[in-house]
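Encoded as structure tokens, the structure appears first; notes follow it.
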Amino acid sequence: MRLFFSGLRKLVRRPATWVTLGLLIGLLALIIIAVGATANERTNATREAAAKTLVTFPGAYDRILQFITGLGGLFALLYGAAIAGSEWSWGTLKSAVARGESRVRYMMISYVAVAVMIACGILITFAVGVVAGIIGAHLANVSTSGLGDSATLTDLPQRLLKGWVAVVEEGALGFTIATLARSQLAGIGVGIAFYFGEGFASLVLPDIVKYLPFSVANASLATGTSTVGMFSGGSSTLPADQAQVLVIVWLVGALVVAALFSDRAEIAG
Amino acid sequence: MIGADGLALATRGLRKSYGPRRALDGLDLSVPAGVVYGFLGPNGAGKTTTLRVLTGLVHPDGGTVEILGKPFHRGDRRRLFEVGALVESPTFYPYLSARANLRELAASGARVPSRRIEELLDVVGLCERANDRVQEYSMGMKQRLGIAAALLSDPKLLLLDEPANGLDPAGIVAMRDTLRALASQGKTVVVSSHLLGEIQVMADTVGIIASGKLVREGPLKELLATQGVVKVRVQPDRVDAAIATLAPEFPAGRLTETDRDEGWLSVRIEPNRAEVISQKLAGAGIYVSGLESGTDLEMLFLELTGGQAATGEGSFVGLADSDAGGATAGKGTVA
């Protein structure tokens, strides 16, 4: 447990944690409030309705969560890469191993701490998003009566949990890529390339890409009415329950690869 | 705990290659318990690779390692609970303070009492800056913190790679005193260093490696006694005559012209027989203007390692001597 709490303390004090969270919260709040503030200025009725949908509860809960799992997934990828990569780049893994610490235990517990931080980040961002949604609704003169919709609120914990698992899976990919690259920068660079590469590939190879990590993460959160973002995949998107299984497969697979590599790697420099 | 043979650390036939390059080629080290062991070798000789193997950072291709009397294999990471190490440069989280870095490092490996961190910050003289972020530290301060990190578990065996790097003179003296004190408490300290003068005043035993093999090992005093060097200075224009006079007495490899311009020769001879050289030269009408009798680890090191960096490391060529063919021009074995 001391290694786990040490991992948490390191993450809490790490500037990258707060920069990542700040960016995600800032972008979410900015978009929602800006949309709410300008909703009534749209000349096109369809666009006005679309803008107001974003700040109309209870549907707004879903959209906030989709934003968090969409852009938050990319941020989690970068965050996971930064955490794993820095252990190699800064040589701190070397110091722990030289003290007799298990490489696999060290890396896996580091990622468990990352997953806990992601959970905190999702909850904080979601809370800020709801507040921003209320502000946006007031600015757009939209009723907030849907805030207390019992069916949505009952379903919310489960949806947040699924969202967390999907984001943790994307974070694990960044973590593993940076472990294989043994570098923060390389991990982040390759992670971004992988993220957008999969997005673009979904346009030409949708039947294959729908099984890839970012696509399954996105599909696992589908409500049956919509999926969003560059991984929506159209008719090739997997059913949510099948996607949820694949999310777990990708998550476990990524961490197993990171563990095996860490165990066998020669640590120099 | 030490081995029945009194060794705190032993390697037998240790081999390690990086691709086609052989870093360790059957290394046999025998480090007695309770000493400061100077681990010497030219750049690329395999010192750091050895320390990496001993700390489980890299896996050897062959050979055995015994740490504190017990075999150390790939799965024996708990053997390292009794070992402290500073391998290559000290490594820390730059955004954390020295105190926080030691605390988080203590969360890995062997358990460490929290008061130990304060003790070590005091030992390495970082108490006043202990709450500053490490990214604001100078190289010497990081090195001090690295030494504190190596001492965290109060190890029985301490492995230090160039611990004097970046330290100021006062820091070097303090480090030397600390390491000597640890050895006097029965702990074993292995110090890899290029600072031969530092090793000469600090180490009880030395091991010299070249091209991944041990070329000499033993108590420093014994090695220097058998490898004693006397430096003789004559008039520069009498260097050739002095060489001709001494050559019959001192066979190949024992007489070296070290600085023709200044008239210095080096003669391998027991230091307490230095007068033999003076008598010989005086008998030939060559008068000695300087005589430095004693021992010289540098001479021993250069002789055993050939004064060369390992293959692929290249030589450091002095600009002043470049026309004459490199820094070693003007030096050479003449008898």
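Chain identifiers are assigned alphabetically (A, B, ...) following the order of the sequence lines, protein sequences preceding nucleic acid strands; residue numbering begins at 1 within each chain. The model shown is predicted, which means the values in this text are computed figures rather than measured ones. The figures that follow rest on heavy atoms only: side chains count, while hydrogens, waters and symmetry mates do not.
Closest approach of A/Ile267 and B/Val58 over heavy atoms only: O-CG1, 3.9 Å.
The environment of CG in A/Leu161 is crowded: more than 12 heavy-atom neighbours from other residues, nucleotides or ligands sit within 6.0 Å. Dense packing is recorded around CZ of B/Arg99, with more than 12 heavy atoms of other residues, nucleotides or ligands lying under 6.0 Å away. For B/Glu128, the CD atom counts as loosely surrounded, since its 6.0 Å shell holds 12 or fewer non-hydrogen atoms of other residues, nucleotides or ligands.
Distance alone, capped at 3.5 Å, is enough to place a donor-acceptor pair between the A/Lys94 side chain and the B/Val87 backbone. One N or O on the side chain of A/Arg2 and one on the backbone of B/Ala106 form a donor-acceptor pair closer than 3.5 Å.
Residues A/Trp90 and B/Phe92 are not in side-chain contact: their nearest non-hydrogen atoms beyond the backbone lie 4.5 Å or more apart. Looking at heavy atoms from C-beta onward, B/Arg74 lies in side-chain contact with A/Arg264 at the 4.5 angstrom threshold. In this structure, the side chains of B/Tyr95 and A/Lys10 come closer than 4.5 Å at one or more pairs of heavy atoms.
The CZ atom of A/Arg99 lies 13.0 Å from the OG1 atom of B/Thr55; values are rounded to the nearest 0.5 Å. A distance of 4.0 Å separates CZ in A/Arg9 from CD in B/Glu104, rounded to the nearest 0.5 Å.
Among B/Leu80, B/Leu57, B/Thr49, the residue with the largest count of heavy-atom pairs under 4.5 Å with chain A is B/Leu57. Heavy-atom pairs under 4.5 Å with chain A peak, among B/Leu54, B/Val83, B/Leu152, B/Leu159, at B/Leu152. Of the residues considered (A/Ser102, A/Gly7, A/Pro15), A/Ser102 shows the highest number of contacts with chain B, using heavy-atom pairs under 4.5 Å.
Among the residues in residues 108-117 of chain B, those with a non-hydrogen atom closer than 4.5 angstrom to a non-hydrogen atom of chain A are B/Ser108, B/Gly109, B/Ala110, B/Arg111, B/Val112.
Sorted by first and then second residue, the pairs that involve residues 70-86 of chain A and meet side-chain hydrogen bond (donor to acceptor under 3.5 Å, both in side chains), not counting sequence neighbours, are A/Arg14-A/Ser86, A/Thr17-A/Tyr79.
Among the candidates B/His59, B/Lys16, B/Arg52, the single residue satisfying the side-chain hydrogen bond (donor to acceptor under 3.5 Å, both in side chains) test with A/Glu266 is B/Lys16.
Contact of A/Arg103 with chain B is made through the side chain alone, with heavy-atom distances under 4.5 Å. For a residue to count as touching a neighbouring chain, one of its non-hydrogen atoms must lie under 4.5 Å from one of that chain's; by this rule B/Phe81 touches chain A with backbone and side chain alike. Heavy atoms of B/Leu96 lying under 4.5 Å from chain A belong exclusively to its side chain.
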Steps toward side-chain hydrogen bond (donor to acceptor under 3.5 Å, both in side chains) verdict (A/Thr92, B/Thr91): CA-CA 6 Å; A/Thr92 40; B/Thr91 55; over 6 Å; no
